[in-house]
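Okay, so here's the structure we're looking at.
The sequence lines fix the lettering, A, B, ..., with proteins before strands; numbering per chain opens at 1. Please read all numbers here as calculations on a predicted model, not as lab measurements. Basis for what follows: all heavy atoms, side chains included, without hydrogens, waters or symmetry-related copies.
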Amino acid sequence: KNEVEQSPQNLTAQEGEFITINCSYSVGISALHWLQQHPGGGIVSLFMLSSGKKKHGRLIATINIQEKHSSLHITASHPRDSAVYICAVKYSGGGADGLTFGKGTHLIIQP
Amino acid sequence: DAGITQSPRHKVTETGTPVTLRCHQTENHRYMYWYRQDPGHGLRLIHYSYGVKDTDKGEVSDGYSVSRSKTEDFLLTLESATSSQTSVYFCAISEYLLAGLNTGELFFGEGSRLTVL
């Protein structure tokens, strides 16, 4: 079974710190998603990428296809960034049967 | 926000009773998914649909059935609920494009918390 591994599982940081969350996968993919889930809340798509880098506000997502690795960065972190961040991949050659998800990284930003 | 709603949002039921969760979308997206989310696991696919009356099983489909009679509605049924089906259920929709070339963005519902006593 193809796995998606995220690290760290839990991360506590101070407001203003630069945050990095990592995601690695095992075989070729057609797309990688970063999702955000607030406590008790729904799931929101942050990025979908298949190569290179994307930026939205203070969030940056990068992917290295050769190394099968992606990172999500948060600059100038804020308590409202506290959430679970989930990496998910669409494996190449797969059908329409959705994504394979990592277990998530629980991020807490303290004021 | 994508127009996707789940109902009910919360339900408590007893073992052996039937339960139906509804996912309704206003986006006319072709693909719809039901996932369950449990502590210690990533989101796991239960069933998905790629069109009206076209459905297929996911990773954890045992004990669940689905139906899609209209583009906008995707129903998940537990014929006889068990305690192991206590979970948070998420519906998602996607306008999935060509395999291997691109994959449409996923939009999630708010989740339905089901407790089976």
Query raised in the report: When heavy-atom pairs shorter than 4.5 Å are enumerated against chain A, which of B:Gly109, B:Gly40, B:Gly58 gives the highest number?
Result: B:Gly40

Report task. Give a yes or no on whether the ring-centroid distance for B:Tyr35 and A:Phe101 is below 6.0 angstrom. Result -> yes

Select one option (side chain, backbone, both, neither) describing which atoms of [X] are under 4.5 Å from chain B's heavy atoms.
| X | value |
| --- | --- |
| A:Leu35 | side chain |
| A:Ile43 | both |
| A:Gln37 | side chain |

Requested in this report: With a 4.5 angstrom heavy-atom cut-off, could you sort out which part of B:Gln6 is near chain A: side chain, backbone, both or neither?
Outcome: neither

Requested in this report: Considering only NZ, NE, NH1 and NH2 on the basic side and carboxylate oxygens on the acidic side, decide whether B:Asp62 and B:Lys57 come within less than 4.0 Å.
Outcome: no

Query raised in the report: Does B:Arg22 come within less than 4.0 Å of B:Asp73, counting only side-chain N to carboxylate O?
Result: yes

Requested in this report: Let me see the working for B:Tyr89 and B:Gln85 under side-chain contact (heavy atoms from CB on, under 4.5 Å), right down to the final yes or no.
Outcome: CA-CA 10 Å; B:Tyr89 292 85; B:Gln85 293 175 311; 3.5 Å; yes

Query raised in the report: Between A:Ser45, A:Gly104, A:Ala88, which residue shows the highest count of heavy-atom pairs closer than 4.5 Å to chain B?
Result: A:Ser45

Query raised in the report: Does A:Val44 belong to the same Ile/Leu/Val/Met/Phe/Trp/Tyr cluster as B:Val88, with side-chain heavy atoms less than 4.5 Å apart forming each link?
Result: no

